[in-house]
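Quick note: numbers below take in every heavy atom, side chains included, and nothing from hydrogens, waters or symmetry partners.
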Amino acid sequence: MSPAMQSVPPEYEIYAVRYARMPRQRRDNFLGGDPHDGDMPMDFFVWLVRGAGRVVLVDTGFNADTARKRRRELIHCPIGALAALGVQPEDVQHVVLTHLHYDHAGNLDRLPRARFHVQDDEMDYATGRCMCFEPLRHAYAVEDVVALVRRVYEDRVVFHDGDGELLPGIELLKIGGHTKGLQALRVHTARGWVVLASDASHYYENMAQGRPFPIVYNTAQMLSGYARLYGAAQSEQHVVPGHDPAVLERYPRWEGSPHVAMLHLPPRED
């Protein structure tokens with residue numbers, strides 16, 4: 001194999017798996033509100049990345065108990081939902097925790113063989129002095145954070161300090177903004193580099209219009225993060241937000257489930 005061929009990263013498949021949803025209004029999704037009335041519901045996703053013999057899960061969702069406490073509609077367990085894609089919990093080798101909010105970092109006990117990847121600043125934020133303030137800790141679930149600490153003592157957590165390569169063709173992008181250590185994921189696919197924004201942009205409108213989501217640690221980082229997301233992707237159409245129901249409308253559905261979209265394929269034409 002020539003050096004040029006060796007330098008081409010693997011191509012991965014990416015699946016967005018919706019596992020829960022909730023009603024929201026437009027005013028709830030923009031810092032400072034929104035002058036227009038209207039529904040703007042929120043979907044909850046995890047993302048499966050696979051290829052080259054690797055299985056990577058991006059975020060782990062929440063469980064039925066959390067759904068009841070926070071009044072979210074749980075469609076199915078996000079880990080159990082992977083079975084529709086032929087993936088069992090023990091198949092997952094790596095878990096990228098984009099951040100540790102309750103809807104992204106539950107169910108860790110259901111992944112017996114995975115190594116968990118998190119930014120240093122996120123663990124510092126979730127376990128440090130910022131959590132003395134209820135508005136900052138509201139979106140965290142203490143038992144989920146404790147579960148990750150236990151994985152540290154089991155030598156199953158990999159800490160990252162900034163951008164870096166997770167695997168060939170899969171890169172971590174430290175964005176911050178929404179939380180102190182939020183990270184996005186850049187993945188090489190057959191259609192080019194796709195960026196999974198997670199909560200660096202909850203909706204397409206947040207980044208397209210430069211209007212931050214109201215749960216924010218550092219507004220300047222959130223705003224500058226939108227440009228970083230676009231700059232890391234093959235095009236603006238290659239950036240996938242973290243909670244927008246439009247994702248399932250824009251991308252082809254997986255034939256095995258109406259709640260799964262295939263992000264490695266081009267968006268549907270209007």
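- Looking only at side-chain heavy atoms (C-beta outward), Glu171 and Asp163 stay at 4.5 Å or farther from each other.
- With hydrogens and angles disregarded, no donor-acceptor distance shorter than 3.5 Å links the side chain of Thr98 to the backbone of Leu182.
- Between His202 and His178, the ring-plane angle classifies as perpendicular under the 30° and 60° cut-offs.
- A donor-acceptor pair under 3.5 Å links the side-chain atoms of Gln119 to the main chain of Gly162, judged by distance alone.
- A donor-acceptor pair under 3.5 Å links the side-chain atoms of Gln221 to the main chain of Gly177, judged by distance alone.
- Using a 4.5 Å heavy-atom cutoff, the side chains of Val239 and Tyr204 are not in contact.
- Leu223 is connected to Leu173 through a chain of hydrophobic side-chain contacts under 4.5 Å among Ile, Leu, Val, Met, Phe, Trp and Tyr, so both are in one cluster.
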* Do Val145 and Tyr140 pass the side chain to side chain contact (heavy atoms under 4.5 Å, CB included) test, and can you show the C-alpha distance, the side-chain angles, and the key distance before you say yes or no? -> CA-CA 8 Å; Val145 176; Tyr140 289 87; 4.3 Å; yes
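- A distance of 6.0 Å or more separates the ring centres of Phe45 and His243.
- Checked against the 6.0 Å centroid criterion, the rings of Trp47 and Tyr15 do not qualify as a close aromatic pair.
- By the criterion of side-chain heavy atoms lying less than 4.5 angstrom apart, applied directly or through intervening Ile, Leu, Val, Met, Phe, Trp or Tyr residues, Trp193 is not grouped with Leu185; the two fall into different hydrophobic clusters.
- The cluster map of Ile, Leu, Val, Met, Phe, Trp and Tyr, joined by side-chain heavy atoms under 4.5 Å apart, puts Leu111 and Val152 in the same cluster.
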* Asked: Checking side-chain hydrogen bond (donor to acceptor under 3.5 Å, both in side chains) for the pair Tyr203/Asn29: CA distance, chi angles, key distance, verdict?
  -> CA-CA 8 Å; Tyr203 294 86; Asn29 295 326; 3.3 Å; yes
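- To the nearest 0.5 Å, atom CG of residue Asp121 and atom CZ of residue Phe159 are 11.5 Å apart.
- A donor-acceptor pair shorter than 3.5 Å can be found between the side chains of Asp39 and Gln25.
- Judged by distance alone, with hydrogens and angles left aside, the side-chain atoms of Asn206 form a donor-acceptor pair with the main-chain N or O of Arg211 at under 3.5 Å.
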* CA sep, side-chain torsions, deciding dist, call: Arg26, Asp37, salt bridge (Lys or Arg N to Asp or Glu O under 4.0 Å) -> CA-CA 6 Å; Arg26 290 189 58 84; Asp37 291 330; over 6 Å; no
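- Within the 4.5 Å cutoff, side-chain heavy atoms of Pro241 are placed close to those of Met207.
- In plain terms, the two heavy atoms of Pro212 and Tyr226 that are nearest each other are CA-OH, 3.3 Å.
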* To do: Show your working on ring pair (Phe, Tyr, Trp, His ring centres under 6.0 Å) between Tyr125 and Tyr217 and close with a plain yes or no.
  => CA-CA 10 Å; Tyr125 185 51; Tyr217 168 75; 4.9 Å; yes
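- In this structure, CZ in Arg253 is found 8.5 Å from NE2 in His259, a value given to the nearest 0.5 Å.
- For the residue pair Ala16 and Val247, the shortest heavy atom distance occurs at CB-CG1, 4.3 Å.
- A donor atom on one side chain and an acceptor atom on the other are not found under 3.5 Å apart for Arg72 and Tyr19.
- Of the residues listed (Leu97, Val49, Leu82), the one engaging Leu57 in a side chain to side chain contact (heavy atoms under 4.5 Å, CB included) is Leu82, and it is the only one.
- Between His188 and Pro9, the shortest heavy-atom distance links the atoms ND1-O, 3.4 Å.
- Neither side chain, His101 nor Asp199, offers a donor N or O lying under 3.5 Å from an acceptor on the other.
- The structure places CZ of Arg186 at 12.0 Å from CG of Leu196, a figure rounded to the nearest 0.5 Å.
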* Show your working on salt bridge (Lys or Arg N to Asp or Glu O under 4.0 Å) between Glu134 and Arg137 and close with a plain yes or no. => CA-CA 5 Å; Glu134 199 283 333; Arg137 69 172 179 254; 5.6 Å; no
* So Leu148 and Arg156, side chain to side chain contact (heavy atoms under 4.5 Å, CB included) or not? Walk me through it. -> CA-CA 9 Å; Leu148 185 61; Arg156 294 178 56 200; over 6 Å; no
* Asked: Could you walk me through whether His94 and Phe116 pass the ring pair (Phe, Tyr, Trp, His ring centres under 6.0 Å) check?
  -> CA-CA 6 Å; His94 300 276; Phe116 300 92; over 10 Å; no
* Could you walk me through whether Asp43 and Arg18 pass salt bridge (Lys or Arg N to Asp or Glu O under 4.0 Å), step by step? => CA-CA 7 Å; Asp43 280 355; Arg18 178 174 63 181; 3.1 Å; yes
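- Under a hydrophobic clustering in which Ile, Leu, Val, Met, Phe, Trp and Tyr are joined whenever their side-chain heavy atoms come within less than 4.5 Å, directly or via other members, Leu248 and Leu263 fall into the same cluster.
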* To do: Check step by step if side chain to side chain contact (heavy atoms under 4.5 Å, CB included) holds for Val96 and Gln183.
  => CA-CA 9 Å; Val96 176; Gln183 58 186 345; 3.8 Å; yes
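- Proximity of Val17 to Leu85: side-chain heavy atoms (C-beta onward) are separated by under 4.5 Å at one or more points.
- In this structure, Arg268 contributes its side chain and Glu249 its backbone to a donor-acceptor pair below 3.5 Å.
- Taken to the nearest 0.5 Å, the CG atom of Asn107 stands 11.5 Å off from the CG atom of Asp59.
- Counting heavy atoms from C-beta outward, Thr189 and Glu13 have side chains that stay 4.5 Å or more apart.
- Side-chain contact between Thr127 and Met131 is absent, with no heavy-atom pair separated by less than 4.5 Å.
- Minimum interatomic distance between Tyr251 and Ala261 (heavy atoms only, all atoms of both residues): CB-CB, 3.9 Å.
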* Test Met222 against Asn218 for side chain to side chain contact (heavy atoms under 4.5 Å, CB included), laying out the working first. => CA-CA 6 Å; Met222 182 178 281; Asn218 185 307; over 6 Å; no
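- Taking all atoms of both residues into account, the shortest heavy-atom contact from Tyr12 to Pro168 is OH-O, 2.7 Å.
- Looking only at atom types and distance, the side chain of Thr179 has a donor-acceptor partner in the side chain of Glu122 under 3.5 Å away.
- Counting only distance, with no hydrogens or angles, the side chain of Asn63 and the backbone of Thr66 share a donor-acceptor pair below 3.5 Å.
- Side-chain contact check for Asp144 versus Leu108: every heavy-atom pair is 4.5 Å or farther apart.
- One finds the CD1 atom of Ile170 at 7.0 Å from the CZ atom of Arg54 (value rounded to the nearest 0.5 Å).
- What you find for Ala84 and Gly256 is that their closest heavy atoms are CB-O, 4.5 Å.
- With salt bridges taken as basic N to acidic carboxylate O contacts below 4.0 Å, none links Glu90 and Arg113.
- In the hydrophobic clustering of ILVMFWY residues, with side-chain heavy atoms under 4.5 Å counting as a link, Tyr102 and Val142 come out apart.
- Taking 4.5 Å as the limit, every side-chain heavy atom of Phe44 sits out of range of all side-chain heavy atoms of Ile75.
- In terms of modelled atom types and a separation under 3.5 Å, the side chain of Arg228 and the main chain of Ser224 share no donor-acceptor contact.
- Here NE2 of His138 is found 5.0 Å from CZ of Arg70. Values are rounded to the nearest 0.5 Å.
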